[in-house]
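In the text below, chain A, chain B and the rest are named by the order of the sequence lines, each starting its count at 1.
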2 protein chains.
Amino acid sequence: MPRVSQERLDARRRQILEAAARCFARNGFHATSMQDVLKEAGLSAGAVYRYFAGKEELIAAVVNEVLEEIRSAFEEAARTSPPPPPNVLIGAVLRRVLRAKSEQGEEWASLYPRLMIQVWAETLRDPALAAVLRQGFETVRVLWVKIVEGYQDAGMMRADIPALSVARTMVALVQGFAAQYALFGDVPVQAVELGLEALMSMGGPGRAELSGPRDG
Amino acid sequence: MPRVSQERLDARRRQILEAAARCFARNGFHATSMQDVLKEAGLSAGAVYRYFAGKEELIAAVVNEVLEEIRSAFEEAARTSPPPPPNVLIGAVLRRVLRAKSEQGEEWASLYPRLMIQVWAETLRDPALAAVLRQGFETVRVLWVKIVEGYQDAGMMRADIPALSVARTMVALVQGFAAQYALFGDVPVQAVELGLEALMSMGGPGRAELSGPRDG
DNA sequence: CTCAAGAAAACGAACGATCCTTCTTTTTAG
DNA sequence: CTAAAAAGAAGGATCGTTCGTTTTCTTGAG
């Protein structure tokens, strides 16, 4: 049985996957050709097609890895006990995603944020992927809703606002900052942490006077 | 001079542009073929190529329209006097972008959010577009920094945090919510407004005790 | 008002290029 | 030495674009 060792197979597979991920992060799924991936991986077509049935499967593999990474970042941050305030929580998720370069030490810090945007774009044209993403966000939201309810029960936050809305807002903040990071790169995570902290310091504008910066 | 009337030419051009926008929002820039656009517009290749030199120019035109729309949404909201609190400001931007369907009454409410994501994806592979986007966000941030400084000067917000960080955070919130809207569709703008209002009610967690949900 | 003339606008088949994939051959590992 | 793994040229399909032809629309004369 002259087959090659299993770790060698796994290594080849990961080599291809990471090369594809770099290409996709650079040019998107549909603007990168198979030959781009082959060149980036330093392999031939025959080699790659032994590990992946086609381009779609390659895309799916990268997408799944990205989603798994992001989902786990949200969940790990949510597992922190006691639950940190929102700005710290959001900072933790972002740092986790940014730090998660390739499995090995890798160059590009914004690889996952970039891939995340590509995944979003792909989600718009693939209902099945949209369902997966929806499910993932649902899971995360459930976790974060509990944390928000914790804030409210402890009297740290107004309790007359649905926790779901707050959780969605916090997730949106993570998404938006990650997008900024992917697009412009030069944004420290501390900026959101501080920015949200400042917003949190504004105190509820009561229920009636939303528009007056001063009251008379 | 038997040329056709100018409005007819403009109408054709917009017909093509809107058809392309719908296709791009549905499938992304590089996964939609020219024939997809031709079919959506109900025109032939010869007709389309009389108005646009090629696919790249078509993409550029759609991209510019999207960026213009979003930029103006940010700027119009910033022009409100007196400056509303952050949650209202953000809500205004989002409602403006969501309401801006096609020039004419159109079907898809999430057309611009969808295109925005496609534009982000394209930005990752086009440095020139990245520069344009960076410039646009820079302009918006300047406007919003002034508003934030207004909050701080009025004593509504902690003044020891850079206004730039707060502005970036608010923009990130808009971006993130728009992304959620494009991806899942079923999110009312009110959710962010309320969510941020709740976050604003948390009161600054001081400088030392960030982790304790209760104090002893 | 009718109608023909001419130019612009639209058509759509066809071309070269590129894409993804396959398959035979060569190399490599056990 | 053998079978798996990798190579790389070739095939079929699709892409963006061009270009010769047809249709449409404006204009000016009758």
Side-chain angles (χ1 to χ4, degrees), chain A residues 1-63 118 121-122 125-126 128-129, chain B residues 1-63 118 121-122 125-126 128-129:
Chain A
M1 47 183 99
R3 220 187 302 182
V4 87
S5 74
Q6 184 64 27
E7 12 173 89
R8 220 169 169 66
L9 293 180
D10 292 349
R12 271 271 183 272
R13 193 185 153 90
R14 181 140 54 221
Q15 170 187 358
I16 296 168
L17 215 100
E18 294 188 3
R22 283 192 297 272
C23 290
F24 292 155
R26 197 188 304 132
N27 276 328
F29 295 124
H30 301 303
T32 68
S33 67
M34 272 295 160
Q35 301 233 355
D36 290 336
V37 175
L38 304 186
K39 183 170 298 183
E40 179 80 21
L43 292 175
S44 69
V48 168
Y49 275 83
R50 182 166 299 280
Y51 294 87
F52 295 93
K55 192 183 182 182
E56 283 200 19
E57 196 170 303
L58 204 46
I59 293 176
V62 170
V63 165
Q118 303 295 352
E122 187 66 9
R125 47 175 256 108
D126 182 355
L129 180 54
Chain B
M1 53 198 67
R3 220 186 305 183
V4 86
S5 73
Q6 184 63 29
E7 9 173 274
R8 213 182 245 288
L9 294 180
D10 292 348
R12 271 269 183 273
R13 193 186 153 88
R14 182 139 54 220
Q15 170 187 358
I16 295 168
L17 214 98
E18 294 188 3
R22 283 193 297 274
C23 289
F24 292 155
R26 197 187 305 129
N27 276 328
F29 295 123
H30 301 333
T32 67
S33 66
M34 272 293 157
Q35 301 234 354
D36 290 336
V37 175
L38 303 185
K39 184 171 295 182
E40 179 80 22
L43 293 175
S44 69
V48 169
Y49 274 84
R50 181 164 300 280
Y51 295 87
F52 296 94
K55 193 184 182 183
E56 282 200 20
E57 196 170 303
L58 204 45
I59 293 177
V62 171
V63 165
Q118 304 295 352
E122 187 65 10
R125 47 174 255 110
D126 182 355
L129 180 54

With sequence neighbours left out, write down each residue that passes side-chain hydrogen bond (donor to acceptor under 3.5 Å, both in side chains) with [X], or none if nothing qualifies.
| X | value |
| --- | --- |
| Q6(A) | D10(A) |
| D36(B) | S33(B) |
| S44(B) | none |

If I take atom CD from residue Q35(A) and atom SG from residue C23(A), how far apart are they, to the nearest 0.5 angstrom?
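SG of C23(A) is found 11.5 Å from CD of Q35(A).
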With rounding to the nearest 0.5 angstrom, report the CG to OH distance, L17(B) to Y51(B).
12.5 Å
Going by salt bridge (charged side-chain N to carboxylate O under 4.0 Å, His left out), name the residues that satisfy it together with R50(A), two or more places apart in sequence or in a different chain.
none
At under 4.0 Å between heavy atoms, what does F52(B) touch on the DNA or RNA strands: base, sugar-phosphate, or nothing?
nothing
Near DNA chain C, under 4.0 Å by heavy atom, which residues of residues 54-63 of chain A?
G54(A), K55(A)
All N/O contacts under 3.5 Å from nucleotides 7-9 of chain D to the protein, with atom names and distances to one decimal?
from, atom 1, to, atom 2, distance (Å)
dA7(D), OP2, S44(A), N, 2.6
dA7(D), OP2, S44(A), OG, 3.0
dA7(D), O5', S44(A), OG, 3.4
dG8(D), O6, G46(A), N, 3.1

Check the phosphate of dA5(D) against Y51(A), side-chain N and O only, distance under 4.0 Å to OP1 or OP2. Yes or no?
no
dA6(D) phosphate, OP1 or OP2: any side-chain N/O from R12(A) under 4.0 angstrom?
yes
With sequence neighbours left out, write down each residue that passes side chain to side chain contact (heavy atoms under 4.5 Å, CB included) with [X], or none if nothing qualifies.
| X | result |
| --- | --- |
| E57(B) | F52(B), A53(B) |
| A20(B) | F24(B), V37(B), L58(B), V62(B) |
| L43(A) | R12(A), Q15(A), I16(A), A41(A), A47(A), V48(A) |

Sort and list the pairs that fulfil salt bridge (charged side-chain N to carboxylate O under 4.0 Å, His left out) and have at least one residue in residues 37-49 of chain B, not counting sequence neighbours.
R22(B)-E40(B), R26(B)-E40(B)
Integer-rounded Å distance: [N] [atom2] and [X] [atom1]:
| X | N | atom1 | atom2 | result |
| --- | --- | --- | --- | --- |
| Y49(A) | dT24(C) | OH | P | 17 Å |
| Q15(A) | dA5(D) | CD | P | 15 Å |
| L9(A) | dT28(C) | CG | C1' | 13 Å |

Could you tell me if the side chain of H30(B) sits less than 4.5 Å from the side chain of I59(B), heavy atoms only?
yes
Residues within residues 27-40 of chain A bordering DNA chain D, heavy-atom distance below 4.0 Å:
none
